Novice: 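Can you keep this structure in mind? I'll have questions shortly.
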Amino acid sequence: MNLDELNESQRQAVLCTDAPMLVIAGAGSGKTRVLTFKIAYLLTQGYQPWQILALTFTNKAAREMQTRISTQVGQQSASQLWMGTFHSIFCRILRYEADRIGFQSDFTIYDAADSKTLITALIKEMGLDEKVYKPSHVCSQISRAKNALVLPSQYSASAQLRQADNAARMPMIHEIYARYYARCRMANAMDFDDILLYTWQLLNEHPDVTERYASRFRYVLVDEYQDTNYAQHQIVWLLARGHRQVCVVGDDAQSIYSFRGANIDNILHFQQQYEGSRLFKLEQNYRSTQTIVNAANSLIHHNRNQIHKDVYSRNDVGSPIQIQQTYSEADEANLLTQRIRHFSRHEEIAYSHMAILYRTNAQSRSLEEALRREGIPYRIYGGLSFYQRKEIKDIIAYFRLAVNPNDEVSLKRVINYPARGIGQTTLEKVFAYAQERALTPWQVIRHPENLGVNRGTQAKLNAFADMIESFGAVAEECDAYTLGMRIVNESGIRREVFAGQSPEDITRQENVQELLDGISAFVQDSQEQEQGMLLTHYLQKVSLLSDLDEDEKDNPDKVTLMTVHSAKGLEFDAVMVSGMEENLFPSQLSVDNPRQMEEERRLFYVAMTRARRFLVLTHARSRFRYGKTEFCAPSRFLREIDARFVQQSGAQGIGKPATSTQTSSIGVRNPFTQPQRVERPEQVRQQPQPRILRPLRAAHTTRLQSPASSFAGDLQPGTRIAHERFGQGTVLQVEGSGLDAKARVSFDNAGEKQLLLRFAKFTVIG
């Protein structure tokens, strides 16, 4: 082991063994190196491998540390360390001590699906409405209780918890928890949260067991301490409070998982809990340029609740951070594809060394579509492509049935989603009958009296068929957005998706709203470019996008798309953060909560510090929200970055809001209650968007209020315009007159478009 490989701060943290230790490791400062060197150093100071307990959050982190330690002390010693995730180490202890907490040592571990299955069964047994007591929400609530070390008896006795459940119209959660807890014990089973709960219970209620393990583990190390929840924090305290040989490593500036139960106070208050502890700061960033590090510092210094540190870099100064304003989410996506091309061609950065980050999963839609148009390969890190997400595929299946009820695949997918009492047995009868008589399943469903099922089942099949036919009856009359909204509402998907409030539920809600907003944008763009805007036309576009999901799977050189939460721990040569707008990043949910606002700022800090060489931050002046254009103000975080480190470009400066009116909003608000449209501050050539096309030509004619000759206006080749969605461009050609006036425009980011001027939304800028 060569300590000369460490800088002075790292070396001091490794050599300290005489007091509790808090190591604050700034982004890119060599945290893993310090942990591995420290464990190797302890082994040279008389500690045996089995006397060292090292707790991590991921198996990957544990494997990486063990591999590095093997190179220092050899494979044999490294393999004897008690090193692994909280759950794997504590499960190992519980196997040894199972009888002390009333379990057998061969207890089963339930995964999330097992837990949800049992919760669902209990809800049915208790005669509760599954649409009110959504199993996913109940599971989340029980999980939070366990991670807060709240047992069923305590939950039931808590007036605060019971009041919150009553307010959520779920007063029986305490009883579900009690029954779930009892059933797991009867089955000799634990879920993941139980592993923490029972480990704490074992140590808290059996001092002899605590003493035995505290004596065995002479030194305790914890990685990513800022991510620990209350249960993990308390278990570490029980194990280490006696000998006080404990070292926790983390970065309060990267605490971003409160929604999972992480408590930043664990790391902020460590020194108060462990009196006489020592603080070490790893402040040299080995990852990023000086400009990126300095900019990130200037941002995070706005947080009050933090352990102050001065992170610095001795790498190159690097390029200024690019802050670029765009006209719309479509313009933003087009701009980012251009930046990717630039990094690839002029900076020789591989696609796999670039990433686009965003605050919510739903933002990937416009980015994916732009990347596909440009033929740039990409991957969604830790998730599915937008059009492969379940809620999106469900809605698309309804769309396909509306225009083609003989689509068997779509029929199977949604005939009983949301649940309408048409079970698998009935469906099997439908398909068997269809096959026997050479009919389509739809033909059978249209006449269920021939199936031999009871009247109740016939009524359910008839109701489903009538609904699908009612959609199809107007498929040639309504534009895609109008019909799409109707399908989402009348099919029951709206009620199903917007019933829950868990993080997973909110993500699904955002995805559904993004799909509808994308359809609205499709209708507007199609109208301006004189293209089809019916549901059949939209489905043709989607089918081409979906087919591309199967292409180029073996190509490793892809741009990475991911949420900022997923990006923690990763790094890229070029990072682009999209959607830097108020109520998007920071989230609308955090605006009135100072503690949550500080976490949003830490999340942005994480995004910035993923970049090694280049950092691009983009924000749009407008986005489609709830089927209409809403105007956005730039994120306050952009103004918090020291101006010395940024270079701004776009139509407006960062300090100026996009409009003088209220900014747009995004979040858990029900998107089906549409806000009023915000008026543009400047004069824009636009007409109200048609929604009912019956008949098509008449609808276009009756909506015109101004003289036909005014559409072409003073447009001439060379005129510069700013389009509401496509951004700035140059007019190449104007042809036709009156209702048929058109302009061919070369847009800076979106390429060449032909616009039907009576519908085009733009301003002349030069």
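None of the values given here were measured: they were computed from a predicted structure. All values below come from the heavy atoms of this structure, side chains included, with hydrogens, waters and symmetry mates left out. We count residues from 1, following the sequence as given.
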Novice: Would you say the side-chain atoms of Asn147 pair up with the backbone N or O of Gly261, donor to acceptor, closer than 3.5 Å?
Specialist: no

Novice: For Glu5, is there any backbone N or O sitting under 3.5 Å from a side-chain donor or acceptor partner on Arg33?
Specialist: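 Side chain of Arg33 to backbone of Glu5: a pair is present.
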
Novice: Can a donor-acceptor pair be found between the side chains of Arg389 and Ser364 at a distance below 3.5 Å?
Specialist: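 Distance-only check passes for Arg389 and Ser364.
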
Novice: Is there a donor-acceptor contact under 3.5 Å from the side chain of Thr36 to the main chain of Met65?
Specialist: no

Novice: Can you tell if the side chain of Asn294 reaches within under 4.5 Å of the side chain of Asp642, non-hydrogen atoms only?
Specialist: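 Asn294 vs Asp642: side chains apart.
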
Novice: Main chain of Glu598, side chain of Asn303: is a donor-acceptor contact present, judged purely on distance under 3.5 Å?
Specialist: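 Yes.
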
Novice: Would you call the rings of Phe726 and His723 parallel, tilted or perpendicular, taking 30° and 60° as the class edges?
Specialist: parallel

Novice: Got a donor-acceptor contact below 3.5 angstrom from the Gln254 side chain to the Lys568 backbone?
Specialist: no

Novice: Would you say Asn2 has more than 12 foreign heavy atoms packed within less than 6.0 Å of its CG?
Specialist: yes

Novice: Heavy-atom distance under 4.5 Å between the side chains of Asp310 and Asn297, does that happen here?
Specialist: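 Counting from C-beta outward, Asp310 and Asn297 never come under 4.5 Å.
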
Novice: Salt bridge (charged side-chain N to carboxylate O under 4.0 Å, His left out) for Asp227 and Arg260? Distances and angles first, verdict last.
Specialist: CA-CA 9 Å; Asp227 293 335; Arg260 296 182 187 169; over 6 Å; no

Novice: Is the number of heavy atoms from other residues, nucleotides or ligands within 6.0 Å of OH (Tyr381) greater than 12?
Specialist: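 Atom OH in Tyr381 is not crowded, with 12 or fewer foreign heavy atoms closer than 6.0 Å.
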
Novice: Specify the closest pair of heavy atoms between Ser352 and Asp557, including all atoms of both residues, with the distance to one decimal.
Specialist: N-OD1, 2.9 Å

Novice: In sequence, state the C-alpha distance, the side-chain angles, and the governing distance for Ile340 and Tyr378, and then conclude on side chain to side chain contact (heavy atoms under 4.5 Å, CB included).
Specialist: CA-CA 11 Å; Ile340 290 169; Tyr378 71 91; over 6 Å; no

Novice: Verify side-chain hydrogen bond (donor to acceptor under 3.5 Å, both in side chains) between Asn305 and Arg595, making sure each step is shown before the conclusion.
Specialist: CA-CA 9 Å; Asn305 296 312; Arg595 186 178 177 94; over 6 Å; no

Novice: Considering non-hydrogen atoms only, spot the tightest contact between Asn315 and Ser313 and give its length.
Specialist: N-OG, 3.0 Å

Novice: Taking atom OH of Tyr230 as the centre, report whether more than 12 heavy atoms of other residues, nucleotides or ligands fall under 6.0 Å from it.
Specialist: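 No, because the 6.0 Å sphere around OH of Tyr230 holds 12 heavy atoms or fewer from other groups.
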
Novice: Taking Arg623 as the fixed residue, which of Glu582, Glu332, Glu329 is the one that meets the salt bridge (Lys or Arg N to Asp or Glu O under 4.0 Å) rule?
Specialist: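 Running salt bridge (Lys or Arg N to Asp or Glu O under 4.0 Å) over Glu582, Glu332, Glu329 with Arg623 returns exactly one hit, Glu332.
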
Novice: Closer than 4.0 angstrom, basic N to acidic O: yes or no for Glu724 and Arg621?
Specialist: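 Not counted as a salt bridge, because no side-chain N and carboxylate O are separated by less than 4.0 Å.
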
Novice: Are the side chains of Phe624 and Thr629 in contact, using a 4.5 Å heavy-atom criterion?
Specialist: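 Yes; the side chains approach each other to less than 4.5 Å.
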
Novice: Let me confirm one number: the CZ-OG1 distance from Arg372 to Thr337, rounded to the nearest 0.5 Å.
Specialist: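 OG1 of Thr337 is found 14.0 Å from CZ of Arg372.
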
Novice: For Arg379 and Met562, what are the C-alpha separation, side-chain angles and deciding distance, and is it a side chain to side chain contact (heavy atoms under 4.5 Å, CB included)?
Specialist: CA-CA 9 Å; Arg379 64 171 183 146; Met562 69 176 91; 5.6 Å; no

Novice: Give the intermediate values and the outcome of side-chain hydrogen bond (donor to acceptor under 3.5 Å, both in side chains) for residues Thr618 and Gln324.
Specialist: CA-CA 5 Å; Thr618 61; Gln324 297 186 295; over 6 Å; no

Novice: Measure the spacing between CG of Leu335 and CG of Asp748 and express it to the nearest 0.5 Å.
Specialist: 10.0 Å

Novice: Could you tell me whether the side chain of Pro586 reaches within less than 4.5 Å of the side chain of Arg636, counting heavy atoms only?
Specialist: yes

Novice: With a 4.0 Å cut-off, would you call Arg365 and Glu369 a salt bridge?
Specialist: yes

Novice: Do Glu224 and Gln226 have a side chain donor and acceptor closer than 3.5 Å?
Specialist: yes

Novice: Just checking, is any N or O donor in the side chain of Glu8 or Gln12 under 3.5 Å from an acceptor N or O on the other one?
Specialist: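 Yes - a donor-acceptor pair under 3.5 Å links their side chains.
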
Novice: Minimum heavy-atom separation for Ala13 to Val34, with atom names?
Specialist: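 So the minimum-distance heavy-atom pair works out to CB-CG1, 4.1 Å.
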
Novice: If only atom types and distance count, is the side chain of Glu368 paired as donor or acceptor with the main-chain N or O of Ser385 below 3.5 Å?
Specialist: no

Novice: Carefully, step by step, assess Lys309 and Glu283 under the rule salt bridge (charged side-chain N to carboxylate O under 4.0 Å, His left out).
Specialist: CA-CA 7 Å; Lys309 58 185 177 298; Glu283 297 175 306; over 6 Å; no

Novice: Which pairs with one or both residues in residues 347-368 pass ring-ring contact (aromatic ring centres under 6.0 Å, His included), sequence neighbours excluded?
Specialist: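 For residues 347-368: none.
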
Novice: Below 4.5 Å, heavy atoms only, C-beta onward: do Val23 and Lys38 meet side chain to side chain?
Specialist: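 Heavy-atom side-chain distance check fails, nothing below 4.5 Å.
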
Novice: Would you check if the side chain of Thr67 reaches a backbone N or O of Arg63 as a donor-acceptor pair within less than 3.5 Å?
Specialist: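 Side chain of Thr67 to backbone of Arg63, a donor-acceptor pair under 3.5 Å: yes, one is there.
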
Novice: Between Gly276 and Ala19, what is the shortest heavy-atom contact and its length?
Specialist: O-CB, 3.8 Å

Novice: Gln284 versus Tyr312: any side-chain heavy-atom pair under 4.5 Å?
Specialist: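 The answer is yes, as the side chains (C-beta and beyond) meet within the 4.5 Å cut-off.
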
Novice: Please give me the minimum heavy-atom distance between Phe280 and Cys16, naming the atom from each residue.
Specialist: CZ-CB, 3.5 Å

Novice: Could you tell me whether a side-chain N or O of Thr291 sits under 3.5 Å from a main-chain N or O of Pro320, the two making a donor and an acceptor?
Specialist: no

Novice: Decide whether Arg373 and Asn334 meet the rule of one side-chain donor and one side-chain acceptor closer than 3.5 Å.
Specialist: yes

Novice: Count the heavy atoms belonging to other residues, nucleotides or ligands that lie under 6.0 Å from CD of Gln272, then report whether that count exceeds 12.
Specialist: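 Enclosed.
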
Novice: Check whether the side chains of Ser590 and Ser587 place a donor and an acceptor atom closer than 3.5 Å, and report yes or no.
Specialist: no

Novice: A side-chain contact here means heavy atoms from C-beta on lying under 4.5 Å apart; do Glu510 and Asn361 qualify?
Specialist: no

Novice: So among His301, Glu640, Gln306, which one has a side-chain hydrogen bond (donor to acceptor under 3.5 Å, both in side chains) with Arg601?
Specialist: Glu640

Novice: CG of Leu584 to NE2 of His619: how many Å apart, nearest 0.5 Å?
Specialist: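 Spacing of CG (Leu584) from NE2 (His619) equals 12.5 Å.
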
Novice: Checking the side chain of His565 only, and the main-chain atoms of Tyr257 only, is there a donor and an acceptor separated by less than 3.5 Å?
Specialist: no

Novice: To the nearest 0.5 angstrom, please state how far the OH atom of Tyr225 sits from the CG atom of Leu268.
Specialist: 11.5 Å

Novice: Can you tell me how far the OG atom of Ser328 sits from the CG atom of Asp525, to the nearest 0.5 Å?
Specialist: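 The OG atom of Ser328 sits 8.5 Å away from the CG atom of Asp525.
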
Novice: From Leu35 CG over to Arg68 CZ, what is the distance, rounded to the nearest 0.5 angstrom?
Specialist: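 Rounded to the nearest 0.5 Å, the CG-CZ separation comes out at 9.5 Å.
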
Novice: Determine which pairs satisfy salt bridge (Lys or Arg N to Asp or Glu O under 4.0 Å) with at least one residue from residues 336-356, sequence neighbours left out, and list them in order.
Specialist: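 Checked against salt bridge (Lys or Arg N to Asp or Glu O under 4.0 Å) - neighbours excluded - the pairs reaching residues 336-356 are Glu347-Arg613.
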
Novice: Under the ring-ring contact (aromatic ring centres under 6.0 Å, His included) rule, what pairs show up with a residue in residues 571-597, not counting sequence neighbours?
Specialist: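 Found Phe585-Phe604.
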
Novice: Between Asp251 and Arg602, is the closest basic N to carboxylate O distance under 4.0 Å?
Specialist: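 The answer is no: the pair does not qualify as a salt bridge.
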
Novice: Do His346 and His342 come within less than 4.5 Å of each other through their side chains, counting heavy atoms only?
Specialist: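 Contact flag for His346/His342 side chains = yes.
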
Novice: Identify the two heavy atoms, one from Ser622 and one from Tyr327, that lie closest to each other, and give their separation to 0.1 Å.
Specialist: OG-O, 2.8 Å

Novice: If we ignore angles and hydrogens, is there a donor and acceptor under 3.5 Å between the side chains of Arg720 and Thr730?
Specialist: yes

